[in-house]
Number of protein chains: 2
Amino acid sequence: MDHRCEHVAAGRVGLTGAALAQALDQAGSRCDSGGQRLTAPRRRVLELLLEAEGPVKAYDLIAAFGPDGEAAKPPTVYRALEFLERQGFAHRIQSLNAYVACRLGADIHAAAFLICDCCGATREIEPAGADVLVASAGRDGFVVANLTVEAHGLCAACRAS
Amino acid sequence: MDHRCEHVAAGRVGLTGAALAQALDQAGSRCDSGGQRLTAPRRRVLELLLEAEGPVKAYDLIAAFGPDGEAAKPPTVYRALEFLERQGFAHRIQSLNAYVACRLGADIHAAAFLICDCCGATREIEPAGADVLVASAGRDGFVVANLTVEAHGLCAACRAS
DNA sequence: GGATGTAATGTTATTTCATAACACTTCCAG
DNA sequence: CTGGAAGTGTTATGAAATAACATTACATCC
C-alpha cells in the first residue's frame, strides 16, 4: 500500500496563479447557483487541495490552513472537507485516509482512482464498469447511493524503471 | 454513511458450532498447503470474524479476543488481520474502518461490498465490472494489484419499509 | 429595520484507529 | 544444536476523526 521505491509522482502539478483563481471562482459560481455558500474556510481548504499535486492528509490541511502557517482546529477542516465532498469538489481516498480535489467533470459524479503504490501518483478516472456493478446490485434490490472504487498497483512510469 | 433508521440487518448470522469449526479447519488446511501458519492469534481473530454477523471493528476484536473476556493488545489483532487479508480470509471495509470474514470463494479474489446505510447489512459480491476497470487502467499502463469496491446505499428490505 | 430561525463557525476535549520500536519465543533448515 | 526467519508480547505513541456546546453570520418575514 505504501511507497516501495524512490520514484516520485511525475508531471502532475497542482494549480497556481490564474488557473487556481479560476478554479476557485468556478467553484464559487457553482455554489451560488446551487444555493450553497463557498465560505472562507471551505474556499481555503479547496485552495489547498487544488494547489497540491496529489492526495493530501487531513492533518496536513490543518497544519497549512492559516496563511501565516498557523494551524486550524480539526473540525474546521473536516467540516469543510465534508462540504466539498458533498458538492463534488473533492473526494476522499479511503485507502489512504487522504483527500483530493476533483479533477474531472463539473458535476457531482462517481469517481475511481488509480493509486500507484510506488510513486504515490493518484489519478482520478471515470469508473469504467461501475454501471455494471450498480445494475448487478440493482437486480438484488440494492440501490447504490455512493460508490468507492480505488485501484492500487503500479503506474506505467514505475513499471518501466 | 451510518444507520439512518431502526432497521437491523436481517437473516445473516455468523457461523457457530460445527460450521464454524469446519470453516476454521478449512482455513488451516489452506494455510498448510501454502506454507503459511494459522497460528493461535490468527485463528482466534478469524473465529471472531466468522462468528460475527457483519463487519467488526478492530477494537471490538481486541476487546473480545481473550476467551475470558480479557482484551488483546492492538498489535496482536492488527497483525492477525493483516495476515488474514493477505491470505484472502478476511477483507477490510475501508469506508467503515471494519473487517469481515470472506464469505465467498476459497481462493484469494477481488471483492466488492454492498453496504446498507440503513440496517448496516454488508454483502460481499463478485465485483461485476471490475474486469472492465482493470482493462481500462491497463490501457494507460497501470497494472492493478488490488481493487477496493464499496457501494453504499439501501438494501431491498430497508427500501421496502 | 429589528426579531427570528437556520446555517456555519469557533473552541475544547475526547474518542477511535493504527503503528513504531524492541525484546523474546518458536520453529524449521542446515 | 545452532543460526536465521517468522511470529508474538509489550509499552508507548502517533494519526485520524468526532462529540458537544458556545458563538457568530445571514437571510427573510413581518
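Throughout, a chain's letter reflects where its sequence line sits, starting with A, and its residues are numbered from 1.
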Can you pull every protein N or O that's under 3.5 Å from an N or O on nucleotides 12-21 of chain D?
residue	atom	partner	partner atom	Å
D:dA16	OP1	A:Lys57	NZ	3.0
D:dA17	OP1	A:Arg92	NH1	2.4
D:dA17	OP1	A:Arg92	NH2	2.7
D:dA17	OP2	A:Tyr78	OH	3.0
D:dA17	OP2	A:Tyr99	OH	3.3
D:dA17	N7	A:Tyr59	OH	2.9
D:dA17	N6	A:Tyr59	OH	3.3

(request) Identify the heavy atoms of A:Ala128 and B:Val132 that sit nearest to each other, and give their distance. (result) CB-CG1, 3.9 Å

(message) Assigning hydrophobic clusters by single linkage (Ile, Leu, Val, Met, Phe, Trp, Tyr; side-chain heavy-atom cutoff under 4.5 Å), is A:Leu50 placed with A:Val77?
(response) yes

(request) For the pair A:Arg159 (side chain) and B:Gly141 (backbone), establish whether a donor and an acceptor sit closer than 3.5 Å, ignoring hydrogens and angles. (result) yes

(request) May I ask you to decide if B:Glu85's main-chain N or O and B:Arg92's side chain share a donor-acceptor pair within less than 3.5 Å? (result) no

(request) Give a yes or no answer on whether the side chain of B:Glu150 reaches the backbone of A:Thr148 with a donor-acceptor pair at less than 3.5 Å. (result) no

(request) State whether A:Glu82 and A:Arg79 are salt-bridged, where the test is any N-O pair (Lys NZ or Arg NE/NH1/NH2 against Asp/Glu carboxylate O) under 4.0 Å. (result) no

(message) Would the distance check show the side chain of A:Arg30 and the main-chain N or O of A:Gln87 forming a donor-acceptor pair, the cut-off being under 3.5 Å?
(response) yes

(request) Provide the start and end nucleotides, 5' to 3', of the part of DNA chain C that has atoms under 4.0 Å from heavy atoms of chain B. (result) C:dC17 to C:dC27

(message) Would you compute the distance between atom CZ of A:Phe113 and atom CD1 of A:Ile125 and round it to the nearest 0.5 angstrom?
(response) 9.5 Å

(request) Specify the residue among A:Lys73 and A:Ala80 whose closest nucleotide of DNA chain C lies further upstream toward the 5′ end. (result) A:Ala80

(request) Would you check if the side chain of A:Thr122 reaches a backbone N or O of A:Gly120 as a donor-acceptor pair within less than 3.5 Å? (result) yes

(message) Once you measure the plane-to-plane angle for B:Phe89 and B:Phe83, does it fall in the parallel (<30°), tilted (30-60°) or perpendicular (>60°) bin?
(response) tilted

(message) Give the residues of residues 35-45 of chain B touching DNA chain D, defined as any heavy atom closer than 4.0 Å, sorted by residue number.
(response) B:Arg37, B:Thr39, B:Pro41, B:Arg42

